[in-house]
Amino acid sequence: MSKTAAHPPLSVADPSRWKALVFIALAQLMVVLDATIVNIALPSAQTDLGISDGNRQWVITAYALAFGGLLLFGGRIADKWGRKNTFIVGLIGFALASALGGAAQGEAMMLGARALQGAFGALLAPAALSLLAVTFTDAKERAKAFGIYGAIAGGGGAVGLILGGFLTEYLNWRWTFFVNIPFAVIAAVGAWMIIREPAGGRNRAPLDIPGVVLSTTGLVALVYGFTRAESAGWSDTLTVGMFVASAVLLAAFVFVESRVKSPLLPLRVLLERNRGGVYLSLGLAVIAMFGLFLFLTFYLQVVKGFSPVKTGFAFLPMIAGMILGSTQIGARLMTRVPPRLLMGPGFMVAASGMLLLTQLEVGSSYPALILPAQLLLGLGMGTAFMPAMSLATYGVNPADAGVASAMVNTSQQVGGAIGTALLNTIAASATTAYLADHAAEAAAGGPAAKLIQAQAMVEGYASAIWWAVGILVASSLIALTLINTGRPGAGGPVAGSAEGADAELKVPVIAH
């Protein structure tokens, strides 16, 4: 008998599942915070550690490569070794790596710490989501739990901007790393004492080593390609080489997975149309979101002159919208309407908020334009994220819950890398074109030249935001077209339920 099986499955009435949610959500918040909190601290850390401008991006890239490249491996480790065990090890490792980053004395130590954070994050993130998936099997409880989780997944990045601003401005950049330690310790102790993994959910199949190597190298090449494109350009030889290598490696990965007996990523996880629709629509939506965080941060700080702390607070309406959309709209309606009727309109509401931001100008009013746009974005994303997170593991065999959860994180991570690179490139091209058209005014110097520079930046942001609008509309159409399952609780199995184990690829398809 496995250690997992030593505990009976959690009953619906067991109050410990809600306590478990607190620690799972805390761990997720820590991982999401880390994606943005370090961005705010980067200029100070660069100066203190003597990191060159050329190597500065590696503080972000080292984390992204390790996290994005190892997610599928981390998901399968969770399935094989036990989600609770993987979750706790991920938390402890993340805390130690954060301590190393906070104590860094030079460039090499900092980059090593960031890579370690990414590696342990790749263990932690899929373990957290899959624990949620196998713990909450009742449709109504699952809706509430994923509502909270979806709000954190969507709004945590903006919280990171606020916290990063506070810590950097009033303490020291090192605290943007040290702050992870209490999060991790509390979550690890709580998980050890409270979380009880349902029986029979482990995958005892041998590890697919060729799949691990091909998926990791393919995803690393893909993420690095987009990251490099941002700084070196899309026609750079190494950038193109990375995209070609990624295509070859990932094609080989798919071929291997279709042939081996115990694949790292069973293709049934991807090919089921509802889960496939979630991974694709969510990945596209994250492209738009990451681009927005980048542009609004620069707009508020550089163009409007906001401090880091004030910039962080300026994102609060988006966080409020996400929490409201996820817990009050998504969670309440999820058991009443099919997921596509939340995700499709949700992404469209977010697109309407993004559409408002295409009207951005140097003198735009925060209350009149940016605040309502953020509220619409938050409401739409929160409403869409919540059923997406739940549906990503809906009907999956419990033994595959970890790797299915990892696919959600992979689509978000790759989407983030694409969003930052693609939209930043579009913005930079539009800014350059604007400056070329107004070269004479810019050359005059004085206040007029500064105004032209600011107008050029805003022109670039607005151009890229138009693309983000189109991407969100595409997310909405994909969700409405591909996702066709009925509302949860209408007779369908969920991951971790008794029938869910035997129901892979048999999620009920109900036409609405």
Side-chain angles (χ1 to χ4, degrees), residues 21-22 25-26 28-37 39-40 143-167 179 183 282 285-286 288-297 299-301 304 306-334 342-343 345-357 359-360 364-390 412 416 465 468-469 472 475:
L21 175 63
V22 172
L26 188 64
Q28 173 66 11
L29 179 61
M30 181 185 72
V31 172
V32 176
L33 281 176
D34 203 72
T36 51
I37 197 171
N39 290 16
I40 298 282
K144 290 177 187 174
F146 275 93
I148 294 165
Y149 189 88
I152 289 169
V159 175
L161 294 171
I162 299 173
L163 192 56
F166 258 108
L167 295 173
V179 74
F183 276 101
L282 205 56
V286 169
M289 282 296 292
F290 265 66
L292 179 74
F293 279 143
L294 183 73
F295 299 139
L296 266 189
T297 301
Y299 174 78
L300 293 170
Q301 287 195 33
K304 305 296 277 188
F306 284 23
S307 69
V309 171
K310 191 175 178 182
T311 301
F313 275 106
F315 280 98
L316 276 177
M318 191 187 300
I319 300 171
M322 281 182 173
I323 292 170
L324 192 65
S326 189
T327 61
Q328 299 306 307
I329 301 174
R332 288 178 184 274
L333 294 180
M334 193 178 123
L342 288 174
M343 289 179 65
F347 287 135
M348 204 62 85
V349 169
S352 70
M354 200 72 83
L355 188 64
L356 277 180
L357 289 175
Q359 307 307 306
L360 208 60
S364 290
S365 162
Y366 177 86
L369 179 71
I370 298 170
L371 189 146
Q374 285 199 55
L375 282 172
L376 284 170
L377 272 161
L379 277 170
M381 285 296 198
T383 301
F385 266 53
M386 191 258 133
M389 290 290 181
S390 178
Q412 289 178 295
I465 289 169
V469 172
L472 282 171
S475 291

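The shown structure was predicted, so the numbers you read here are calculated from the model rather than taken from an experiment.
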Item to complete: Determine, step by step, whether Tyr299 and Ile370 satisfy the side-chain contact (heavy atoms from CB on, under 4.5 Å) criterion, reporting the C-alpha distance in whole Å, the side-chain angles of both residues, the deciding distance to 0.1 Å, and the verdict.
Response: CA-CA 11 Å; Tyr299 174 78; Ile370 298 170; 3.6 Å; yes
Worksheet item: Can you name the nearest heavy-atom pair linking Ala388 to Leu282, along with the distance?
Response: CB-CD1, 4.0 Å
Worksheet item: Atom CG in Leu316, atom CD1 in Ile319: separation rounded to 0.5 Å?
Response: 5.0 Å
Worksheet, complete the sentence: Output for pair (Met322 CE, Leu375 CG), nearest 0.5 Å, gives 11.5 Å
Practice prompt. Taking all non-hydrogen atoms of both residues into account, name the closest pair between Gln374 and Ala314 and its distance.
Written response: NE2-O, 2.8 Å
Worksheet, complete the sentence: Between Leu376 and Ser352, the two heavy atoms sitting closest are CD1-OG, 3.9 Å
Discussion item. Please give me the minimum heavy-atom distance between Met354 and Leu472, naming the atom from each residue.
Written reply: CE-CD1, 3.8 Å
Worksheet item: Rounded to the nearest 0.5 Å, how far does CG of Leu296 lie from CD1 of Ile465?
Response: 6.5 Å
Response to the item:
For Met30 and Phe183, the nearest pair of non-hydrogen atoms, with its separation, is SD-CB, 3.8 Å
Worksheet item: Could you give the distance from CE (Met343) to OG1 (Thr383), rounded to the nearest 0.5 Å?
Response: 11.5 Å
Worksheet item: Taking Ser475 for the side chain and Ala285 for the main chain, is one N or O donor matched with an acceptor at less than 3.5 Å?
Response: yes
Practice prompt. Taking all heavy atoms of Thr327 and all of Ile323, pick out the closest pair and write down the distance.
Written response: OG1-O, 2.6 Å
Worksheet item: Does NZ in Lys310 sit with more than 12 non-hydrogen atoms of other residues, nucleotides or ligands closer than 6.0 Å?
Response: no
Worksheet entry | By ring-ring contact (aromatic ring centres under 6.0 Å, His included) - contacts of Phe166 (at least two apart) | Tyr170, Phe313
Worksheet item: What do the steps show when you test Phe385 against Val286 for side-chain contact (heavy atoms from CB on, under 4.5 Å), and what is the final call?
Response: CA-CA 10 Å; Phe385 266 53; Val286 169; 4.3 Å; yes
Worksheet item: Taking the side chain as C-beta and beyond, is there a heavy-atom pair between Val179 and Leu167 under 4.5 Å?
Response: yes
Fill in: Note, Val469 side chain near Leu357 side chain (heavy atom, < 4.5 Å)
no
